[in-house]
Amino acid sequence: MFALIDCNNFYASCERVFRPDLNGVPIVVLSNNDGCVIARSNEAKTLGIPMGAPAFQFEKLFMEHGVQVFSANFSLYGDMSHRVMSILGEYSPEIEIYSIDEAFLKLEGFDRYFNLQEYGEGMGKKVKKWTGIPISVGIAPTKALAKVANRIAKKFPKQTQGAYVIDSEEKRIKALKWLKIEDVWGIGRQHAKRLFAQKVSTAYDFTMLPDEWVKKHMSVIGLRLKHDLQGIPTLDLEEVQSKKSIATTRTFEEDYTELEQLSERISTFAFTCSEKLRKQGSCCKSLMVFVRSNIHKDNLPQYHRSIVIQMPFASNSGIELSNFALLALRQIFRHGYRYKKAGVIIQDFVPEGEEQLSLFDNRDLRHIPLMKAVDFINKTYGQQKVRLASQDLKRVWKMKQERLSPRYTTKLDDIITIQLH
DNA sequence: TCTGGGGTCCTAGGACCC
DNA sequence: TCTGGGGTCCTAGGACCC
């Protein structure tokens, strides 16, 4: 059996933990630059605020209904996530942290010793009591079915006490007939559309399709999903492994038209990528740079281009990565467009120290101690204290975060004070 | 009229997730 | 005026090899 544990409205719930006065009040959390809605409390969902809604379009509704708006506070969410995960880790030796607010547990053989319904409810009570975060628990013979069970627990918190177990063929079929196809894990917009055309409207209908059709139109991923939903365990816990790609991308506050402006940004993105890469203890062998105009302005000429550079050697030096990224940028930059977004994505990782030396070009080994020193200084004295000259030295880039809550759990100055009467 | 067969590697793009 | 960011996996097709 597998359990899927999911925090309810995670970011909104984190904001509420330290603001009990916001219980029952609609809350939304915004993306970087305060751009889109990325989390909503139940009250906000009821108001009809959609996921991904551009904030500026809903200002009026926020005002009218007293919606509490927060800028994303990832230091807080990351720390709260860590707390939740460490509690969940006590419930099974095998855990896969699937995202910041979700985890799978393997409960193989647990049904012989535990009542799984009570086991799931127990997790919910402990996590709520110890962290203040409400969760939902779904338990079933496969991962995809655990996702389905979780959905039921979340949809019917009173009847299920926040935990639902699918442990019989009868319950499996009932659950699948209840679940709309577009709500199935792994079925996105495009697949849903194609499936509607096949008269598939529930998860159950999907499991009745012939394997060949699924394979042909949804690749082996779709086929695995189908089998998992049929109760045949196909997806197993994934090993925690290091990342296969690392990205730093941003939407700009204003449009850029000049190569110099983009060069500064790309250099910074490459440098940030290199910092993440060193943290993971890897070097990369290739790097992608992309630029694009504003896709929301269809009256302007559109341009979107990316280029992959194979580096002659593996490196994690911010200087070298920045240089290669700028080389790449010069190849795809065209005058006459208004650029709104750009990014650097690095890939093809090898463990640090195991890089294959090449015949002629090799990385500058002096960068290794240099980067170590840079990382140390930036860690000790604050981000971006040491930068490349190709980055903007006058300005520290900051995104729009007008409604940021305190870092209650990760910054000493922000710890709450309690007043005794 | 008619043009082999079996591979690998790389890239772009699509689809999905949170 | 204003519209996020960071990931994973798969497939098709082109270029190339013998």
Side-chain angles (χ1 to χ4, degrees), chain A residues 4-11 28-40 49-60 62 69 71-72 74 77-78 81 96-104 143-144 147 150 181-195 214-225 235 238-255 269 272-273 276-277 280 285-286 288 290 292-298 304-310 332 338 340-349 399-402:
Chain A
L4 186 263
I5 297 94
D6 184 320
C7 300
N8 303 342
N9 314 325
F10 184 54
Y11 297 167
V28 298
V29 177
L30 304 182
S31 64
N32 282 352
N33 292 322
D34 290 347
C36 304
V37 172
I38 54 169
R40 307 158 293 160
I49 302 166
M51 186 65 171
F56 73 92
Q57 287 176 2
F58 285 79
E59 282 297 339
K60 209 172 139 220
F62 293 161
V69 182
S71 303
F74 289 110
Y77 311 150
S81 167
E96 173 192 342
I97 297 174
Y98 181 69
S99 73
I100 193 163
D101 74 331
E102 270 180 60
F104 284 101
K143 280 173 106 176
K147 269 272 188 186
N150 179 283
I181 186 65
E182 65 267 33
D183 292 337
V184 174
W185 182 43
I187 304 290
R189 261 224 205 79
Q190 302 307 316
H191 286 331
K193 218 194 295 174
R194 201 171 281 152
L195 288 165
V214 177
K215 172 91 196 288
K216 177 157 182 237
H217 294 95
M218 302 172 66
S219 84
V220 296
I221 298 184
L223 194 56
R224 281 184 213 141
L225 174 67
L235 310 168
E238 309 248 337
E239 301 278 328
V240 246
Q241 38 185 293
S242 45
K243 293 200 178 69
K244 292 175 178 164
S245 68
I246 290 176
T248 307
T249 70
R250 287 293 177 277
T251 300
F252 311 133
E253 266 185 78
E254 62 214 75
D255 295 348
F269 298 160
T272 305
C273 281
K276 298 180 189 173
L277 190 57
Q280 169 179 310
K285 286 190 291 187
S286 78
M288 185 183 100
F290 76 87
R292 79 172 315 146
S293 50
N294 191 338
I295 49 168
H296 299 290
K297 287 188 181 158
D298 34 10
H304 174 210
R305 213 165 146 200
S306 66
I307 186 173
V308 177
I309 292 250
Q310 304 295 339
I332 56 173
R338 304 185 67 82
K340 181 67 175 170
K341 183 173 180 172
V344 173
I345 300 168
I346 52 177
Q347 50 214 350
D348 293 333
F349 299 155
M399 48 191 174
K400 189 173 154 201
Q401 283 186 315
E402 285 171 356

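Order of the sequence lines fixes the chain letters, A, B, ..., with proteins taken first and strands second; residue numbering starts at 1 for each chain.
- In this structure, A:N150 atom CG and B:dC17 atom P are separated by 15 Å, rounded to whole Å.
- If you check every strand for non-hydrogen atoms under 4.0 Å, A:T248 touches sugar and phosphate atoms only.
- When the side-chain nitrogen and oxygen atoms of A:K340 are compared with OP1 and OP2 of C:dG4, none of them lie within a distance under 4.0 Å.
- In terms of position along DNA chain C, the nucleotide closest to A:Q57 lies nearer the 5' end than the nucleotide closest to the other residue of the pair A:Q57 and A:K216.
- Proximity note for A:K215 (side chain, C-beta onward) versus B:dA12, C:dT11, B:dC18: the nearest is C:dT11.
- In this structure, A:K276 reaches the sugar-phosphate backbone alone: every heavy-atom distance under 4.0 Å involves primed, P, OP1 or OP2 atoms, never a base.
- One atom, CZ of A:R292, and another, P of C:dT3, lie 14 Å apart when rounded to the nearest Å.
- No donor-acceptor pair closer than 3.5 Å links the side chain of A:D101 to the backbone N or O of A:F10.
- One finds no side-chain N or O of A:K147 lying less than 4.0 angstrom from the OP1 or OP2 phosphate oxygen of B:dC17.
- Proximity note for A:W185 (side chain, C-beta onward) versus B:dC18, C:dG7, C:dG5: the nearest is B:dC18.
- When the P atom of B:dC18 is taken as reference, atom CE of A:M51 falls 10 Å away, rounded to whole Å.
- The base-pairing partner of B:dT8, taking Watson-Crick or G-U wobble contacts with both distances under 3.5 Å, is C:dA15.
- For the pair A:I38 CD1 and C:dT3 P, the computed distance is 15 Å after rounding to whole Å.
- With hydrogens and angles disregarded, a donor-acceptor distance shorter than 3.5 Å links the side chain of A:S81 to the backbone of A:I100.
- Here the NZ atom belonging to A:K400 is positioned 8.0 Å from the CG atom belonging to A:N33, to the nearest 0.5 angstrom.
- Using bins of under 30°, 30° to 60° and over 60° for the plane-to-plane angle, the ring pair A:F269/A:F252 lands in the parallel bin.
- A:I345 comes within contact range of no nucleotide atom at all, as no heavy-atom separation falls under 4.0 Å.
- Distances from the side chain of A:A247 to the nucleotides C:dT11, B:dT11, C:dG6 place C:dG6 closest.
- Here A:S99 does not reach the OP1 or OP2 of C:dG7: none of its side-chain N or O atoms lies under 4.0 Å away.
- Between the P atom of C:dT8 and the NZ atom of A:K143 lies a distance of 15 Å, rounded to the nearest Å.
- When the side-chain nitrogen and oxygen atoms of A:S306 are compared with OP1 and OP2 of B:dA12, none of them lie within a distance under 4.0 Å.
- Listed nucleotides: C:dG4, C:dT3, C:dC10. Nearest to the side chain of A:N33: C:dG4.
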**Request:** For A:L235 and A:F104, run side chain to side chain contact (heavy atoms under 4.5 Å, CB included): C-alpha distance rounded to whole Å, both residues' side-chain angles, the deciding distance at 0.1 Å, then the answer.
**Result:** CA-CA 11 Å; A:L235 310 168; A:F104 284 101; over 6 Å; no
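- A:L225 has its CG atom 11 Å from the P atom of B:dC16, to the nearest Å.
- Residue-level contact check: A:I246 touches the backbone only, with heavy atoms under 4.0 Å from sugar-phosphate atoms and none from bases.
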**Message:** With side chain to side chain contact (heavy atoms under 4.5 Å, CB included) as the criterion, how do A:I346 and A:K276 come out once you've worked through the C-alpha distance, each side chain's angles and the decisive distance to 0.1 Å?
**Reply:** CA-CA 10 Å; A:I346 52 177; A:K276 298 180 189 173; over 6 Å; no
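- Between A:Y98 and A:D6, every side-chain heavy-atom pair lies at or beyond the 4.5 Å cut-off.
- Among the atoms of the strands shown, only primed sugar atoms or phosphate atoms (P, OP1, OP2) are found under 4.0 Å from some heavy atom of A:Y98.
- Distance CG (A:L195) to C1' (B:dA15): 13 Å, rounded to an integer number of Å.
- Between the NZ atom of A:K244 and the C1' atom of C:dC10 there is a distance of 12 Å, rounded to whole Å.
- Set against B:dT11, B:dC18, C:dC10, the side chain of A:Q310 has B:dT11 as its closest nucleotide.
- Counting non-hydrogen atoms under 4.0 angstrom, A:R224 reaches the backbone sugars and phosphates but no base.
- The residue A:V184 sits close only to the backbone: its heavy atoms come under 4.0 Å of sugar-phosphate atoms, none of a base.
- Here C:dC10 is the nucleotide among B:dC16, C:dC10, C:dG4 with the atom lying nearest to any side-chain atom of A:S219.
- Nucleic acid contact for A:D101: sugar-phosphate only, since backbone atoms but no base atoms lie under 4.0 Å from a heavy atom of the residue.
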